[in-house]
Amino acid sequence: MKPFFYTVKTACISVVFLAFFCISPAYALTFAVPEKVSQGRGFLVTIEDTAPFSGTVLWRQKEVPFTAAEKKNSYTAHVLLGMPIDAKNKEFVTIICNNKKITKEITPLPVSWVTHKLTVAPKYAEPPKELQDRLQKERAATKKILATISPNPTWQMPFTRPVKGTISGSFAARRVFNEKPRSPHLGTDMRGAIGTSILAMADGVVLLAKEHYYSGNAVWIDHGQGVISMYGHMSKFAVKQGDIVKQGQKIGEVGATGRVTGPHLHLSLYIQGVAVDAVPFFRTNPLEIIGGPTKEEPRPEPKGQNNTKTKTKKAQKATNTNKKQK
């Protein structure tokens, strides 16, 4: 029997359901793919059927395997994908399952990224020549990590926020160090005092826990299907390479190692090597796939300062009232 198609549109997403029949027993496979995704956002592909299935998602020349899990007499598989920060042309996601190959078109939506001008030690703006060999090895190690696509997903949404601190540096900001333009900020900076516990966003395996020149003490965790999180500038490690961690488990402490202007956590989330904004993953479902960069937040006032201001205002008000009464 030939495939048949129908489309159901929601406010932000056009979900396409595709059903077809294979050799007995009959299958009723459906999958949902968003029609539009903002640059720098992660998004879900959902595949469902009434019988067990497995397959592969093709996205930007990467193959992501999936196997359905049983839930309430049906089977469902989820795959996370990421839209690059510089995507301009239409992208295509292909699902291969039950000897069928179906492709869906996705339109990237442009985002206006912010710009940060920062002053750091000269050695971090222009690394000495004798460090080039080290930097090359660290880049190679990072590239190898980001190429990891293990078959079994260990993540579940929403993700755990690693620290409670406010956002001091938004994802994908254009960076200018010591008046010299550099690569975009492929992560989110979150405030935290030195020694603050850093928690794993999701279950996974530690791929690397090591000091790097720019990232300082950093931990990389594999959450399956190419979903990788990175936590940088730590003061202390609480895990080592090869450790299996649980969502919400302490993996280190906030610090100021590497290229920093002060203590904070640098958090990066990569999906099959594509950097995406991690903050939307901390919110309740559904995952927000349309929008601009996460807004930066002002530094919180020291404890007691608000009370002092309030008391001062009340005292001033009382004084003015007394003056009027006199």
Side-chain angles (χ1 to χ4, degrees), residues 1-84 87 89-109 149-159 202-203 223-227 269 271-272 274 276 280-281 283-291:
M1 183 179 291
K2 295 183 178 180
F4 64 90
F5 303 85
Y6 63 92
T7 303
V8 178
K9 290 189 176 181
T10 60
C12 298
I13 304 173
S14 176
V15 179
V16 179
F17 295 90
L18 300 100
F20 56 84
F21 298 93
C22 299
I23 300 173
S24 182
Y27 289 87
L29 188 77
T30 66
F31 72 88
V33 180
E35 190 176 70
K36 298 178 180 180
V37 178
S38 293
Q39 295 172 329
R41 290 292 178 114
F43 62 96
L44 270 174
V45 171
T46 300
I47 309 102
E48 296 180 312
D49 203 340
T50 56
F53 66 89
S54 61
T56 302
V57 168
L58 302 181
W59 172 251
R60 295 183 55 80
Q61 301 180 334
K62 298 288 181 66
E63 296 184 4
V64 186
F66 61 81
T67 299
E70 187 175 9
K71 186 177 181 181
K72 294 181 180 180
N73 299 321
S74 65
Y75 293 81
T76 303
H78 298 289
V79 176
L80 276 173
L81 302 176
M83 185 64 72
N89 301 319
K90 290 183 177 181
E91 302 283 352
F92 299 90
V93 59
T94 299
I95 285 82
I96 301 175
C97 185
N98 295 341
N99 298 317
K100 295 291 183 177
K101 183 177 181 180
I102 306 169
T103 298
K104 172 63 179 171
E105 181 180 276
I106 303 178
T107 300
L109 302 179
I149 303 180
S150 50
N152 300 317
T154 57
W155 52 267
Q156 61 179 356
M157 294 193 295
F159 289 1
D203 293 359
H223 306 292
Q225 292 182 321
V227 180
L269 178 62
I271 305 179
Q272 296 95 45
V274 175
V276 300
F281 287 82
R283 301 163 187 157
T284 55
N285 290 330
L287 178 64
E288 295 177 4
I289 63 173
I290 295 178

Problem - Flag side-chain contact, heavy atom, 4.5 Å: L269 against F281 - result: yes

Problem - Smallest separation among heavy atoms of T103 and T94, with atom names - result: OG1-OG1, 2.8 Å

Practice task
Please answer whether the main-chain N or O of F66 pairs with a side-chain N or O of Q225 as donor and acceptor at a distance below 3.5 Å.
Solution key: no

Handout entry: Nearest atoms (heavy-atom pairs only) where Y75 meets F53
Key = O-CE2, 3.6 Å

Exercise for the section: Classify the side-chain pair T154/H223 by whether it contains a donor and acceptor separated by less than 3.5 Å. Expected result: no

Problem - From NE2 (H78) to CD (Q156), nearest 0.5 Å - result: 11.0 Å

Practice task
Determine whether I290 and V37 make a side-chain contact, defined as any pair of heavy atoms from C-beta on separated by less than 4.5 Å.
Solution key: no

Fill in the blank from the handout: Value for CG (L109) from CE (M83), rounded to nearest 0.5 Å, stands at 8.0 Å

Practice task
Would you kindly say whether T67 and S54 are connected by a side-chain donor-acceptor distance under 3.5 Å?
Solution key: no

Handout entry: Flag side-chain contact, heavy atom, 4.5 Å: D49 against S74
Key = no

Exercise for the section: Measure across S150 and G224 and return the closest heavy-atom pair with its distance rounded to 0.1 Å. Expected result: OG-CA, 3.3 Å

Handout entry: Gap between atom CD of E105 and atom NZ of K36 - 0.5 Å precision
Key = 11.0 Å

Exercise for the section: Quick one: pull up CG in L81 and CD1 in I106 and give me the separation to the nearest 0.5 Å. Expected result: 7.0 Å

Handout entry: Pairwise distance CD1(I102) to CG(L29) - rounded to 0.5 angstrom
Key = 7.0 Å

